[in-house]
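Step one of this worksheet: look at the structure below.
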Amino acid sequence: MSETLNKRTQSVSGVALLVAGAFFMEFLDGTVITTALPYMATTFAVDVTRLNLGISAYLLTLAVLIPVSGWIADRFGARNVFSLALVIFTLSSVLCGLADSLPLFVAMRILQGVGGALMVPVGRLAVLKNTPKHQLITAVATLTWPALIAPIIGPPLGGLITTWLSWRWIFFLNLPLGFIAFLLARRLMKAPFEPEKRPFDIPGFMLSTLSMVAFVCSMEMVSSSLPWYLPAGLLLLSLYGFRLSFRHMKRVPFPMIAMQALTIPTFRATLAGGFLFRAAISAIPFLLPLLFQMGFHLNAFRSGLLVLAVFAGNLLIKPFTTPILRKYGFKTVLTVNGFLNVGGMLACAFFTPQTPHWAVLLVLFTGGMFRSLQFTAINTLVYCDVPKAQMSHANALFSTSSQLSMGVGISFSALCLYLADKLSRTSAYLSQLPAISYRLAFVALALLCLVAMADILLLDKQAGSQITGKTDRPG
């Protein structure tokens, strides 16, 4: 029996590592492209701002297909869908590298978005459905590192590849990685016993699609030169669409995403508070390079080296995440570490061009540890009380929320920069402070993390005790 248990444990670990590798490939592809945009614009003979079409098309495809990923996985099996997603993502990556015009590149980015939209939530679902509760922390910790690391190392890696090879190699490198991942997926993932053949919720799909597209477009328009009432109106339209989607999916017998998981306190609390926390975290790789390069006038290389301290902190804390959660429990870790995250973001607001680099590195390194621990704890607790039968719907809901939070974080920081710049122009004192707009934006992110703590503080003390094994006994 112990031998069977060991084999199952190794299988779960192998699938988690495989899915994490696929996640890393997908997340990296979304961030590594940023430094290559000027070179791509030269190849396509277009203005660099028009290449935002490639990024926006990818994000919109994710927004449309992530809500339906649970139905597709239940219908055709997570193993088959994940394997197909790897094939689509890998081949479309190669076609992106071969593109010789902007329209062709955008079309291939849409196809790549199809692969990415299925790869991430379906891969996570395959791990969650086959992981025993006592291994959930370790499995989720494995799945979360790509989302933390890829945005940090993506831009400098993209610059390195573009400088020494060509921007096309950013996409070509996915070919061997995708091929290996496909072979491992067919070998490690278990085939489903009985696919769930529930009917397709067409009205729910239409409502969620329109709402997601309107939401993503409104976030993209925040940092544009369009009048403020256009993104604001689109945002209100999307929120109303989400309300209609929620009402529809609560009433129909076979919804696109069932909402029963929202009745689970741990899922509901970490979904809401985790949304705000992920939004703040998503803005860090966007704001830090701007602070160092635009605010402190450091070159891209020195700025990249400083930002890599966040990556080092993320990496160092990983082996200790599970022992910490098992020893102190979710409520204590999320509360204490949550306030440390707030302090870490607030500390970035006090950076000046005269701040010693060792101090900057120390703050970013410790901040990387805090955010990695919080990220893993939230992403584990959200699923700890979800029954296996509801896992597909809960995963689709959480994946949709995660996708939205990333757009919100970047748009929120862009809006903060805009408002902080306006504020500094009206104040003689603020206008004399170096990089004040970027520093005030970090204050706003710290406040956003502080608001996210409200749901964490309301958690039960025993939250997640069935997977940590920690219970508070009365003395």
Side-chain angles (χ1 to χ4, degrees), residues 25-66 85-120 150-151 153-178 209-210 212-227 230-231 234 282 285-286 289-290 293 300 403 406-407 410-411 414:
M25 185 171 66
E26 195 269 341
F27 285 127
L28 187 65
D29 212 65
T31 56
V32 76
I33 192 177
T34 54
T35 50
L37 293 180
Y39 300 89
M40 295 169 67
T42 302
T43 302
F44 298 148
V46 296
D47 188 83
V48 69
T49 56
R50 294 195 61 199
L51 283 170
N52 283 336
L53 288 172
I55 298 174
S56 299
Y58 182 80
L59 292 175
L60 284 173
T61 308
L62 291 179
V64 169
L65 289 181
I66 281 179
L86 282 170
V87 172
I88 294 173
F89 187 85
T90 302
L91 292 181
S92 59
S93 294
V94 174
L95 293 174
C96 281
L98 294 173
D100 57 2
S101 67
L102 181 59
L104 181 59
F105 176 74
V106 172
M108 292 306 100
R109 284 289 282 177
I110 292 174
L111 184 61
Q112 197 179 33
V114 173
L118 296 177
M119 189 162 62
V120 173
I153 70 171
L157 180 61
L160 187 66
I161 293 173
T162 303
T163 301
W164 293 102
L165 296 171
S166 164
W167 66 264
R168 299 184 186 275
W169 280 96
I170 290 174
F171 299 100
F172 291 157
L173 289 176
N174 284 335
L175 180 59
L177 297 176
T209 295
L210 293 174
M212 289 285 284
V213 169
F215 187 87
V216 172
C217 287
S218 68
M219 293 296 100
E220 289 284 303
M221 292 165 62
V222 165
S223 56
S224 68
S225 57
L226 294 171
L230 291 179
L234 204 56
S282 300
F286 170 75
L290 289 177
Q293 294 182 55
Q403 178 62 34
M406 289 189 283
I410 295 174
S411 298

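On a predicted model such as this, the values are computed, not experimentally measured, just so you know. Heads up: numbering here begins at 1 and tracks the sequence.
For the pair Phe171/Met108, no side-chain contact is recorded, criterion being any heavy-atom separation below 4.5 Å from C-beta on.
Under a 3.5 Å cut-off, the side chain of Arg168 and the backbone N or O of Ala99 do form a donor-acceptor pair. For the pair Ser92 (side chain) and Phe89 (backbone), a donor-acceptor distance under 3.5 Å is present.
Between Gln112 and Ser93, the shortest heavy-atom contact is NE2-OG, 2.7 Å. The two atoms that bring Ala117 and Thr61 nearest to each other are CB-O, 4.3 Å, heavy atoms only. The two atoms that bring Gly115 and Ala85 nearest to each other are O-CB, 3.5 Å, heavy atoms only.
Note: Leu177 CG to Thr90 OG1 = 8.0 Å, rounded to the nearest 0.5 Å.
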(request) Evaluate the criterion side-chain contact (heavy atoms from CB on, under 4.5 Å) for residue pair Asn174 and Val94; output intermediate values, then yes/no. (result) CA-CA 7 Å; Asn174 284 335; Val94 174; over 6 Å; no
